[in-house]
Amino acid sequence: MPPHTPNFPKALFEELETDKLQRRFLEALVEFQNVERGSLWIKREDGYQCIEAIGGGQSEQLVGFVVPKDKPSIVGWAIENGRMTIAEPGKDKRHFKDAESGLDVKSTLILCFPLVLKNGDVYGAVEIIDTAHGGSRLNLGKEYLELLEEFVAIGSIALGNALAFADQKNEAQKLKKLLGGIKGETPLVGKSPAFRAALEAAKNYSRTDFPVLITGESGTGKELFARDIHAQSARKDKPFLVQNVSAIPDALLESELFGYKKGAFTGADKDKIGLFEAADGGTVFLDEIGDMPLSLQARILRVLQENEVKPLGDAKTRTVDVRVISATNRDLTRAIAEGTFREDLFYRLNVLPLKLPPLRERPEDIPELLDYFLARDAGRLCIPQKALSRDALAALKRRNFQGNVREMENLVRYLLATVSGPVIEAGDIPPPHEIGQHRDTMPAAPESAIANAPSLDLTDYTWEALERTYALALLEKHKWNVTKAARAAGVNRSTFDSRLRKLGISKE
């Protein structure tokens with residue numbers, strides 16, 4: 001006679017957490033049959049995946065294992081035929097031996113039921129596994145199996161509903177994160193210890209009004225963290241305004257930050273409010289602060305010390321209430337030693353330091369970041385989302401993203417534009433130097449090649465190709481610090497900027 005288990009179905013429906021439900025379901029079935037092992041399998045596009053396994057000490061190794069759809073298997077047969085089956089592994093050709101390759105104790109008899117939804121759709125299977133000699137523990141009596149089948153039917157509906165709800169919840173979370181990124185919210189993605197530590201620091205800093213200095217390599221997300229600090233702060237409903245210090249000529253930068261009065265200079269035909277005044281009550285983010293000219297650094301210091309700004313051509317100062325967050329990829333202590341950055345300004349900016357880790361120090365975040373960018377940009381383009389093959393993902397996890405998250409973002413956009421099928425293969429991924437590089441119809445030689453090869457015939461190159469090569473070599477040498485590159489070229493910063501624009505060269 002089968003054991004009396006009246007609370008089994010009720011216990012299933014009372015459990016709301018999917019992980020706990022599937023384990024309780026499996027444990028009850030294994031206990032009901034008095035055997036050692038059991039496993040739950042879900043139908044996927046590429047095969048049948050184990051989502052839970054218990055008993056036998058090593059069974060948990062099966063979780064995540066996928067039986068290929070084109071290979072014979074007991075779970076595959078039960079799912080595709082929608083019927084219960086009994087199999088003796090040593091003799092049954094349907095047994096997929098690889099699933100037990102890592103287990104010391106092999107199965108001797110397997111009872112497999114399909115998992116069926118209320119509408120009749122089969123979505124998975126459950127295996128109840130005997131490891132005793134000759135499969136002597138499994139009770140295959142007719143009444144016993146009929147009662148067991150009723151329990152499986154009840155449990156499969158409960159589990160199916162829970163899995164469907166979990167999938168919907170996950171999709172809703174992905175969609176929320178995707179829409180947040182499209183709407184401009186900060187998509188800070190990652191679970192690595194280094195990244196979580198940076199997030200925690202940002203959260204703590206958001207509770208204060210003190211200046212924050214964010215440091216890190218180019219492409220690590222300094223502006224995103226600045227936005228996140230502002231969004232979590234009491235200033236979140238006030239403006240968040242950004243100025244890239246190295247993006248515009250020095251003279252224009254001063255008027256952008258502080259504004260000017262009508263008639264202050266030629267062309268000033270009306271008053272202009274500066275960035276600090278426009279952001280009153282909110283936050284000003286100064287990117288690439290290390291490139292700020294010394295002449296302006298004293299004025300920034302006064303904003304931090306006295307909360308005062310003075311527009312160009314105005315005799316009066318104005319009081320502003322702004323929080324300053326700055327960022328740089330330069331070594332400011334070295335800049336101080338070289339005399340290009342004020343030490344007193346550094347200490348005013350660096351009240352709350354935040355160092356962001358490069359992507360090479362958080363490789364475990366690469367898969368999640370790739371998923372995020374693939375989903376976000378496919379949504380923006382209104383195209384079906386593409387998936388990465390296992391080999392493609394492995395290749396990207398090994399890739400040295402020197403441009404960090406920005407390089408990954410650009411790579412994903414390239415792949416979405418160039419891969420026509422639904423799956424991105426390893427062969428679709430170009431070498432790092434082929435993404436984001438500027439090409440010309442004429443060959444371009446690096447600066448070192450020109451310097452070290454006096455016999456090189458420069459007449460093989462157009463003037464523009466030579467100038468492009470020279471400009472790129474300077475920028476690479478000085479880590480894309482435009483001020484230093486211009487100084488090395490012996491021209492004004494504004495002149496160098498102008499030439500870069502004409503050549504179509506930009507950091508992005």
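Bear in mind that the values here come from a model prediction, so they are computed numbers and not experimental data. Side-chain atoms are counted along with the backbone in the values below, which use heavy atoms only and exclude waters and symmetry mates.
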Inset, instruction - State, with a plain yes or no, whether a side-chain heavy atom of W480 is found less than 4.5 Å away from one of S218. - result: no

Legend entry - Heavy-atom side-chain contact between D291 and V482 under 4.5 Å: no

Inset, instruction - Determine the minimum heavy-atom distance between T208 and R323, stating which atoms define it. - result: O-NH1, 2.8 Å

Inset, instruction - Over 60° means perpendicular and under 30° means parallel, so classify the ring planes of F225 and F195, tilted if in between. - result: perpendicular

Inset, instruction - Could you tell me whether K69 and E45 have a side-chain N and a carboxylate O separated by less than 4.0 Å? - result: no

Inset, instruction - Before accepting this row, confirm whether a basic side-chain N of the pair K91/E88 lies closer than 4.0 Å to the acidic partner's carboxylate O. - result: yes

Inset, instruction - State whether F401 and R399 meet the cation-pi test: NZ (Lys) or CZ (Arg) under 6.0 Å from the six-membered ring centroid, and within 45° of the perpendicular axis. - result: yes

Legend entry - Full working for side-chain contact (heavy atoms from CB on, under 4.5 Å) between E149 and F113: CA-CA 8 Å; E149 194 165 18; F113 288 93; 4.0 Å; yes

Legend entry - N/O donor-acceptor pair under 3.5 Å between T108 side chain and A132 backbone: yes

Legend entry - L62 versus A99, closest heavy-atom pair with distance: CD2-O, 3.0 Å

Inset, instruction - Look at the side chain of N350 and the backbone N and O of L213, then say whether any donor-acceptor pair between them is shorter than 3.5 Å. - result: no

Inset, instruction - Would you mind reporting whether I325 and L286 have side-chain heavy atoms less than 4.5 Å apart? - result: no

Legend entry - Close side-chain approach of V66 to R44, heavy-atom, < 4.5 Å: no

Legend entry - Audit row: V351, V212, side-chain contact (heavy atoms from CB on, under 4.5 Å) steps and yes/no: CA-CA 6 Å; V351 177; V212 179; over 6 Å; no

Legend entry - L111 side, atom CG; L148 side, atom CG - distance, nearest 0.5 Å: 6.0 Å

Inset, instruction - May I ask you to check whether over 12 heavy atoms, not counting those of E364, lie within 6.0 Å of atom CD? - result: yes

Legend entry - Identified salt bridge (charged side-chain N to carboxylate O under 4.0 Å, His left out) counterpart of E217 within the set K222, K355, R360: R360

Legend entry - Atom pair CG/CD of L356 and E361 - distance to nearest 0.5 Å: 11.0 Å

Legend entry - By side-chain hydrogen bond (donor to acceptor under 3.5 Å, both in side chains) - contacts of N400 (at least two apart): none

Inset, instruction - Using side-chain contact (heavy atoms from CB on, under 4.5 Å) as the criterion, point out the one residue from V75, I86, I128, I79 that pairs with C112. - result: V75

Inset, instruction - Look only at the side chain of K386 and the backbone of V419, and say whether a donor-acceptor pair between them is shorter than 3.5 Å. - result: yes

Legend entry - Donor on one side chain, acceptor on other, R330 and T215, under 3.5 Å: no

Legend entry - E36 side-chain N/O to T131 backbone N/O, donor-acceptor pair under 3.5 Å: yes

Inset, instruction - In plain terms, say whether E100 and R37 are close enough for a salt bridge, that is, a side-chain N and a carboxylate O under 4.0 Å apart. - result: yes

Legend entry - Nearest atoms (heavy-atom pairs only) where I505 meets A471: CD1-CB, 4.2 Å

Inset, instruction - Could you tell me whether R413 and D377 make a salt bridge, using a distance below 4.0 angstrom between a side-chain N and a carboxylate O? - result: yes

Legend entry - Ion pair check, E52 and R23, cut-off under 4.0 Å: yes

Legend entry - N404 and T220: side chain donor to acceptor below 3.5 Å: no

Inset, instruction - Please report the shortest heavy-atom distance between I51 and V63, naming the atom on each side. - result: O-CG1, 4.0 Å

Inset, instruction - Could you tell me whether the side chains of E200 and Y205 share a donor-acceptor contact shorter than 3.5 Å? - result: no

Legend entry - Test side-chain hydrogen bond (donor to acceptor under 3.5 Å, both in side chains) applied to E425 - qualifying residues, sequence neighbours left out: S389

Legend entry - Shortest non-hydrogen contact between A87 and R94, atoms and distance: CB-NH2, 3.8 Å

Inset, instruction - Using modelled atom types only, decide if a donor and an acceptor are shared between the side chain of R235 and the backbone of G282 within a distance under 3.5 Å. - result: yes

Legend entry - Reported OG-to-NZ distance for the pair S107 and K97, which is rounded to 0.5 angstrom: 11.0 Å

Inset, instruction - Before giving the answer on side-chain contact (heavy atoms from CB on, under 4.5 Å), spell out for L109 and L140 the whole-Å C-alpha distance, their side-chain angles and the decisive distance to 0.1 Å. - result: CA-CA 11 Å; L109 194 63; L140 303 179; 4.1 Å; yes

Legend entry - Any donor-acceptor pair under 3.5 Å from Q33 side chain to L138 backbone: no

Inset, instruction - Determine, stepwise, if the pair K43 / Y123 fulfils side-chain contact (heavy atoms from CB on, under 4.5 Å). - result: CA-CA 6 Å; K43 186 177 182 180; Y123 68 90; 5.6 Å; no

Inset, instruction - Please report the shortest heavy-atom distance between P430 and L415, naming the atom on each side. - result: CD-CD2, 4.3 Å

Legend entry - Rounded distance [0.5 Å steps], CG in N329 versus CD1 in I289: 12.5 Å

Inset, instruction - Supply the atom-to-atom distance L396 CG to I429 CD1, rounded to the nearest 0.5 angstrom. - result: 3.5 Å

Inset, instruction - Report the residues that fulfil side chain to side chain contact (heavy atoms under 4.5 Å, CB included) with N244, sequence neighbours left out, ordered by chain and then residue number. - result: S246, A247, D287, E288

Legend entry - K397 side chain vs P363 backbone, donor-acceptor pair below 3.5 Å: no

Inset, instruction - Considering only NZ, NE, NH1 and NH2 on the basic side and carboxylate oxygens on the acidic side, decide whether D228 and K203 come within less than 4.0 Å. - result: no

Legend entry - Basic-acidic side-chain contact under 4.0 Å: E409, R376: yes

Legend entry - I366 vs M408 side-chain heavy atoms within contact, under 4.5 Å: yes

Inset, instruction - Find the distance between CZ (F346) and OG1 (T328) and round it off to the nearest 0.5 Å. - result: 10.0 Å

Legend entry - N-O pairing of R24 and E31 below 4.0 Å: no

Legend entry - F32/F151 aromatic ring centres below 6.0 Å: yes

Legend entry - Validation row: L354, I229 side chains within 4.5 angstrom (heavy atoms): yes

Legend entry - Sub-4.5 Å side-chain heavy-atom contact between N139 and L145: no

Legend entry - Enclosure of R207 CZ (heavy-atom neighbours >12, cutoff 6.0 Å): yes

Legend entry - Side-chain heavy atoms of F240 within contact of R227, under 4.5 Å: yes

